[in-house]
Amino acid sequence: MAILSSRRSSAAISVAAVAGLAAAGVGLAVGGASAGTVSGSLYRDPSSAVVRWVAANPGDSRAAVIRDKIASQPQARWYANFNPSTIQSEVSSFIGAANSAQQIPVLSVYEITNRDCGGASAGGAPDLNQYQTWVSNFARGLGNQTVLIILETDSLALQTCLSTGELNARNQALTTATQTIKSANPNAKVYLDGGHSTWNSANDTANRLRAAGVQYADGFFTNVSNFNPTSSEANFGRAVISALNGMGISGKRQVIDTSRNGGAAGDWCADDNTDRRIGQYPTTNTGDANIDAYLWVKPPGEADGCRYTAGSFQPDLAFSLANGAPNPPTTAPPTTNPPTTAPPTTAPPTTAPPTTAPPTTAPPTTPPPTGNGCSASVAINQWNGGFTASVNVTAGSAAINGWTVTVALPGGAAITSTWNAQASGTSGTVRFTNVGYNGQVGAGQTTNFGFQGTGTGQGATATCAA
């Protein structure tokens, strides 16, 4: 994505500024034990490019690694098409699915006029009046439960193409967009662009955030599409928060994109760099009072525009990022619905991830009876002709070492693929057993597996034995 091309030239400029913060005594230790103000499981987009690729390529030698370490994880849904007539319904469908799963969706808004200063990710609304119309329609689809909004990546960190008048207009547009979203859904958490730790200085970033109305937002995001270590981003975030506090703006928090920052630093372009790795798995349990969440905003495996088209999913990039990375923690399982083969209803943009609406999601079924030492519950994501199922396995009052879940499928339903478990059978009553890394589940803890099928999955029930 072209949002990275700007960072290639800016990184060398601001390394010294960050080093200066450390020399000046800005805290470099991880924050306290408490977390930020957001709590709960994050929602996984069941129609993202990676889950569709995994579902369509079960025999690929890279599929298991990509499935277990990337497709299993919640990632942001990007909204980057100027579609004022349909954006409300697209957002409402996505939010409805997340709400039905009782999980928190992450939405990345990427629609500001003169986006990316006309670079490879150019686009956005034709003008700022039409941008506000689009935002108003977007906000109407947000419902009233907790959502996380990543508002306009690079809109503040990258301003080199804007005149003074255009900059003032953009700042006002971002302020109005924040207020519009918060008014439509008071439980929405809105974060503005904070760049990253090797771009602009903390004081400069704080000034830009203030001009764009961060006082009306919940905070700022950093490291989207970049590779800086989480510790560096957290240090930078604390410096920005300190600068905002000095301006009389308090209570703001940070979210950090950890989708690709688990490996080496160096050149910004992941398309040609095999030293990259996925970073910390997405969570709201950060253990840092300044940080609301570690998120995967930039979907791992989607290209930056170096060797491949920006925004396109490339399995070799995904495999390179995931291979050698640790498995997801079994006590913090992948959230919500597993992969679906349902394609987007429109061609995805080449400059940002897909923005089309996923299939509607049926509410989770009533938790089934407790088995011997564990219980299981199944949530079905149904679309026309097929479904995916997400099954939670929860240990009872004692830890378990190995589990078997029996799922009773409705007549006519047939399983076509399974992840994070081994299946015996494809229709009727199907037995699932754990794989090596998720068989041990602590007392009261939960792990997850899923499967995809044809027909109707609604009404499926699950029981567990350990």
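Note: hydrogens, waters and symmetry copies are ignored here, and every other heavy atom, side chains too, is used.
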CA sep, side-chain torsions, deciding dist, call: T394, T446, side-chain hydrogen bond (donor to acceptor under 3.5 Å, both in side chains):
CA-CA 4 Å; T394 303; T446 298; 2.9 Å; yes
Applying side-chain hydrogen bond (donor to acceptor under 3.5 Å, both in side chains), run through Q254 and T222 and close with a yes or a no.
CA-CA 7 Å; Q254 180 186 19; T222 70; 3.0 Å; yes
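Listed by chain and residue number, nothing satisfies the side chain to side chain donor-acceptor pair (under 3.5 Å) test with T146 (two or more places apart in sequence, or in another chain).
Side chains of D45 and S47: a donor-acceptor N/O pair is present below 3.5 angstrom, by distance only. Side-chain atoms of S259 and D257 form a donor-acceptor pair, as typed in the model, at a separation below 3.5 Å. Remark: the T175 side chain and the Q179 side chain contain no N/O donor-acceptor pair separated by less than 3.5 Å. Counting only N and O atoms by type, the side chains of N261 and T230 include a donor and acceptor under 3.5 Å apart. Side-chain contact annotation: T205 with N200, donor-acceptor N/O pair under 3.5 Å absent. Donor-acceptor pairing under 3.5 Å is lacking for the side chains of R140 and S92.
Residues I380 and A389 come closest through the heavy atom pair CD1-CB, 3.6 Å. Closest approach of D116 and Y110 over heavy atoms only: CB-OH, 4.0 Å.
Applying the 6.0 Å contact sphere to OH of Y216 captures no more than 12 heavy atoms from other residues, nucleotides or ligands.
You'll find the side chain of R170 reaches within 4.5 Å of the side chain of N114, heavy atoms only. Side-chain contact check for T284 versus L42: some heavy-atom pair is nearer than 4.5 Å. Using a 4.5 Å heavy-atom threshold, the side chains of W78 and I150 count as separate. The shortest distance between side-chain heavy atoms of W296 and V106 does not fall below 4.5 Å. For the pair Y131/E152, a side-chain contact is recorded, criterion being any heavy-atom separation below 4.5 Å from C-beta on. Between F387 and F451, the closest side-chain pair of non-hydrogen atoms falls below 4.5 Å.
Just one of L148, V38, T286 meets the side-chain contact (heavy atoms from CB on, under 4.5 Å) condition when paired with D292; it is V38. None of T176, I149, V147, L107 except one satisfies the side-chain contact (heavy atoms from CB on, under 4.5 Å) rule with I181; the exception is I149.
Among residues at least two apart or in separate chains, ring pair (Phe, Tyr, Trp, His ring centres under 6.0 Å) pairs with a member in residues 137-169 are Y79-F138, W134-F138.
Taking CD1 from I241 and CG from L209, the interatomic distance works out to 10.5 Å, rounded to the nearest 0.5 Å. Atom-to-atom distance recorded for F227:CZ and S232:OG is 14.5 Å, nearest 0.5 angstrom.
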